[in-house]
Number of protein chains: 2
Amino acid sequence: MLGRVKLLLENQLCFEVHATARALDGVYRALLRDLGLTYPQYLAMMVLWEREPVTVKELGTALRLDSGTLSPLLKRMEAAGLVRRERSAADERSVLVRLTPAGAGLRSRAEEVPEKIYAATGLGLEELVALKATLRRMTASLDEAVLA
Amino acid sequence: MLGRVKLLLENQLCFEVHATARALDGVYRALLRDLGLTYPQYLAMMVLWEREPVTVKELGTALRLDSGTLSPLLKRMEAAGLVRRERSAADERSVLVRLTPAGAGLRSRAEEVPEKIYAATGLGLEELVALKATLRRMTASLDEAVLA
DNA sequence: GACAACTAAATTGTGCACAATCTAGTTACG
DNA sequence: CGTAACTAGATTGTGCACAATTTAGTTGTC
């Protein structure tokens, strides 16, 4: 029956999403090793290379991560000399994250990463656009479902 | 230029894949709480409900996880009374994982999960099929890339 | 039969990810 | 004002995920 077909497909999809996420992680891991960055750290750096300073809250919104993940992550990045953190003078609850010169300098070395990732996916531009759109729609739907 | 367009799209895709994976995780987390299972544990149970016993190695192949992840995961599941583990008599290097009656009994309660997930994705059947195919192709390409 | 090469799990150490809780600072309302 | 409600981060505890190493068992070759 149709029901059973649906369920099998759903299961395979979920395996597939996780397999893809881990495969992507593996490629990033290999590419970022030389830079001394993990994939989540690289994502954080991409936000910082774009605009700076950002609060932990803003970073969390951009990356969909909470302080329980970001606090230790940023501490490791601070220990590595990539960023520094300071309380906002305007609102002492907030912590502003800034790049150090070393962190800013890493940008040029990281510039080749996206193209390599793009090549590794083996997808064409239109496929990438379509995939992104589908995932975005699905994510929005999943977010809605988890609230209800 | 085209190059820059590619890079932006690649970046957005990577954020998107991670956002999707976490959103999916969130829905599973909510659905599986009553069953006392995490999402990875649920995936392991799905394999076991299908065929049993399986070795840790076979489970790792099916789930794309290594013993460093599976050993503690299976210990927690054993502590929860869902599975038991025993050395294979035929090959003493292997550990066979079997369901306990409690673990087997959980299946009926878990049967409604896939349909709820399917509904939560908000995707139609054809979309799901297409998405799965794209992800599978991309994952294979990524796996290939990480070796080179 | 002995020894090298291989395989399966487990272990150790590092780094996410999130729930729950805590502290400190801010805002709103009476 | 002054206190209640809210917000930002940090902390604690649990559970993946993987690299690297270790231990135990198996297989292949001479």
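The figures that follow rest on heavy atoms only: side chains count, while hydrogens, waters and symmetry mates do not.
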query = More than 12 foreign heavy atoms under 6.0 Å from CD of A:E52: is that the case here?
reply =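 Atom CD in A:E52 is packed in, count exceeds 12.
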message = Does A:E127, at its CD atom, have more than 12 non-hydrogen atoms belonging to other residues, nucleotides or ligands within less than 6.0 Å?
response =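 Yes - once you tally the heavy atoms of other residues, nucleotides and ligands closer than 6.0 Å, there are more than 12.
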Base, sugar-phosphate, or nothing for [X], non-hydrogen atoms under 4.0 angstrom?
{"X": "B:R85", "result": "sugar-phosphate"}
{"X": "B:T38", "result": "sugar-phosphate"}
{"X": "B:T69", "result": "base"}
{"X": "B:L70", "result": "nothing"}
{"X": "B:R64", "result": "sugar-phosphate"}

query = So which one's nearest nucleotide on DNA chain C is more toward 5', A:P72 or B:G68?
reply =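 Final value for this comparison: B:G68.
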request  = For A:Q41 and for A:R93, locate the closest nucleotide of DNA chain C by heavy-atom distance; then report the residue assigned to the nucleotide nearer the 5' terminus.
outcome  =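 Looking at DNA chain C, the more 5' nearest nucleotide goes with A:Q41.
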In whole Å, what is the span from the [atom1] atom of [X] to the [atom2] atom of [N]?
{"X": "A:R76", "N": "D:dA10", "atom1": "CZ", "atom2": "P", "value": "13 Å"}
{"X": "A:E92", "N": "D:dA8", "atom1": "CD", "atom2": "C1'", "value": "12 Å"}
{"X": "B:D91", "N": "D:dT27", "atom1": "CG", "atom2": "C1'", "value": "10 Å"}
{"X": "A:K57", "N": "D:dA10", "atom1": "NZ", "atom2": "C1'", "value": "14 Å"}

Would you say [N] has OP1 or OP2 under 4.0 Å from some side-chain N or O of [X]?
{"X": "A:T55", "N": "D:dG9", "answer": "yes"}
{"X": "A:S67", "N": "D:dG9", "answer": "no"}
{"X": "A:K75", "N": "D:dA10", "answer": "no"}

query = Can you find a heavy atom in the side chain of A:L32 that is under 4.5 Å from one in the side chain of A:T38?
reply =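 They are not in side-chain contact.
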ask   = Among A:R64, A:K132, A:R136, which one satisfies salt bridge (charged side-chain N to carboxylate O under 4.0 Å, His left out) with B:E16?
value =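 That would be A:R136; it is the only one of A:R64, A:K132, A:R136 passing the salt bridge (charged side-chain N to carboxylate O under 4.0 Å, His left out) with B:E16.
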message = What range of DNA chain C does chain A touch, first nucleotide to last, counting atoms under 4.0 Å from its heavy atoms?
response =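 On DNA chain C, the outermost contacted nucleotides are C:dG15 to C:dT26.
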inquiry  = Judged by each residue's nearest nucleotide on DNA chain D, which is more toward the 5′ side, B:D66 or A:L96?
reply    =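 First, find each residue's nearest nucleotide; the 5'-ward one identifies A:L96.
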inquiry  = I'd like to know if the side chain of A:T55 pairs up with that of A:S94 as donor and acceptor (distance under 3.5 Å, no hydrogens or angles considered).
reply    =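 Their side chains do not contain a donor-acceptor pair, so the 3.5 Å distance test is not met.
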request  = Go through the side-chain N and O atoms of A:T139 and B:T20 and say whether any donor and acceptor fall under 3.5 Å apart.
outcome  =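 Per modelled atom types, A:T139 and B:T20 side chains form a pair under 3.5 Å.
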key: Parallel, tilted or perpendicular: ring planes of A:Y39 versus B:H18, cut at 30 and 60 degrees   =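 A:Y39 vs B:H18 ring planes: perpendicular.
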